[in-house]
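Please read the structure below before turning to the comments.
This one's a predicted model, so the numbers in the text were calculated from it and none came from an experiment. Basis for what follows: all heavy atoms, side chains included, without hydrogens, waters or symmetry-related copies.
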Amino acid sequence: MKRLQVFKYALMPNGEQARDMRRFAGSCRYVFNKALAMQKANHEAGHKFIGYVAMAKHLTGWRNGPDTPWLKQAPCHPLQHALKDLEKAYKNFFAKRADFPRFKRKGSGDAFRYPDPKQIKLDQANNRLFLPKLGWLRYRNSREVLGELRNVTVSQSGGKWFVSIQTQREIEQALPTTRTAIGIDVGIARFATLSDASFIAPLNSFRKHQQRLARYQRRMSRKVKFSNNWKTAKARVQRIYTRIANARKDFLHKTTTTISQNHALVCIEDLQVRKLSRSSRGNSEQHGKRVRWKSGLNRAMLDQGWGEFRRQLDYKMLWNGGMLLAVPPHHTSQTCPCCGHIAKDNRQTQAQFQCVDCGYENHADVVGAINVLARGHRVLACGESAHSGRSMKQEPTEATTQITA
């Protein structure tokens, strides 16, 4: 089995290298925005989409043109890859996987990529990396890079520069060390409730820093825009956002690693987070209802990182020889796992579940996790869509060897 893996490290550039990296990121941003503007103008004129090959010819003209001679100072391959990023953004838009491509702005997601491994040299023994037009860069070598190097991405976050080294290596298909199966119900009061009645408390990274973040944002709003004081205040705000993101990412990695190592089958709800967190503000003709309450709920949902939680579980279960299965989420917390009765009245409160038909009682999130696991077993056994109207009796909590194969 081929495994693609990324190893990320903090860079320690000197002053000249830091300036060059800012210039290279700016050049890639300029090429992306200029190509996007050309695509928009081309579409308005009624012409067909400009492919990468044709757009690369325009890039040659920009590099050799009198208006942008500074593009020649940047390495060619990262500029070409900026055009590939734009083409990929359009493909994702046409496939309805993402919104329409937007123009990039300075200071937001500054990055550039070296796609050719022949131009890159990695010296792990001396904690350094060679990149074209940057020379040897020192990095904080926190772990060994495994596999054959494929590409390198240099990015800036929170005022610091990082390098992401993607590798590929051939490994044997892992076999799970356990045979247990588990269902997971995600929420806000409890980040994740498991079908064995255990649960994981939420981190609420944004809520912990919300007041401090608002205070620094108010200070930034009082400064003259683009002044030195404004830039200092903005850097403080960015550091808080970076701290929030890093804490959330660390929490999710530890949680998903523990789950993937202890279970061979994990069933979760197939939640559409974008639709769930949609604003209820409405428009000028038809105003929304309970807008402030829904705004707070959306903020709390996005603070949990459910999408990233599922993404990490997906590849970590594969790495450990297990399986992740997403099932329809309809009525999981309103269906009795004992008799299969579905009713709104079954869920007495946000946390309490009591079946009005058979009297079964449990925590509502535990009931949801049990139903998610049962649906996962039924989908695997019958290959059917897990319709919530069918009886959902509890299945054995051991995964068979066919499931983990």
Does the T256 side chain pair with the main chain of F309, one donor and one acceptor, at a distance under 3.5 Å? no
Do the side-chain N and O atoms of K8 and S164 include a donor-acceptor pair separated by under 3.5 angstrom? no
Looking at R248, R207, K208, which hits salt bridge (Lys or Arg N to Asp or Glu O under 4.0 Å) with D303? R248
Kindly determine whether E269 and D185 satisfy side-chain contact (heavy atoms from CB on, under 4.5 Å), including the steps that lead there. CA-CA 7 Å; E269 295 175 300; D185 180 85; 3.3 Å; yes
Exercise: do R150 and Q168 side chains pair donor with acceptor under 3.5 Å: yes
Is it the case that K294 and N298 place a side-chain donor and acceptor less than 3.5 Å from each other? yes
Tell me whether the guanidinium CZ or amine NZ of R140 lies under 6.0 angstrom from the six-membered ring centre of Y9 and within 45° of its axis. no
Between R113 and T153, do the side chains contain an N or O donor and an N or O acceptor separated by less than 3.5 Å? yes
Under a plain distance cut-off of 3.5 Å, with no hydrogens placed, do Q261 and T177 share a side-chain donor-acceptor pair? no
Quick check: are there more than 12 heavy atoms from other residues, nucleotides or ligands sitting under 6.0 Å from CG of N228? no
Check: S227/N229 side-chain N/O donor and acceptor closer than 3.5 Å: no
In terms of side-chain geometry, is the basic nitrogen of R310 or D270 positioned less than 4.0 Å from the acidic oxygen of its partner? yes
Q334 versus N346, side-chain donor and acceptor atoms under 3.5 Å: no
Please determine if R219 forms a cation-pi arrangement with Y216, meaning its NZ or CZ atom is less than 6.0 Å from the six-membered ring centre and no more than 45° off the ring axis. yes
Testing the 3.5 Å rule here: is there a donor-acceptor pair between the side chains of Y360 and N362? yes
Regarding K133 and D20, does a basic nitrogen lie under 4.0 Å from an acidic carboxylate oxygen? no
Evaluate the side-chain proximity of H341 to T335: yes if any heavy-atom separation is below 4.5 Å, no if none is. no
Would you kindly say whether R169 and Q5 are connected by a side-chain donor-acceptor distance under 3.5 Å? yes
Test the K84-Y52 pair against the cation-pi criterion, namely NZ or CZ under 6.0 angstrom from the six-membered ring centroid and within 45° of the ring axis. yes
Tell me whether H363 contacts the main-chain N or O of D365 through its side chain, where contact means a donor paired with an acceptor under 3.5 Å. yes
Suppose we call two aromatic rings close when their centres sit under 6.0 Å apart. Are F251 and F191 close by that rule? yes
Using atom types as modelled and distance alone, determine if a side-chain donor or acceptor of N371 lies under 3.5 Å from a backbone N or O of T332. yes
Hydrogens and angles aside, do H253 and K316 bring a side-chain donor and acceptor to less than 3.5 Å of each other? yes
May I ask you to check whether over 12 heavy atoms, not counting those of Q352, lie within 6.0 Å of atom CD? yes
Is the ring centre of W70 less than 6.0 Å from the ring centre of Y30? yes
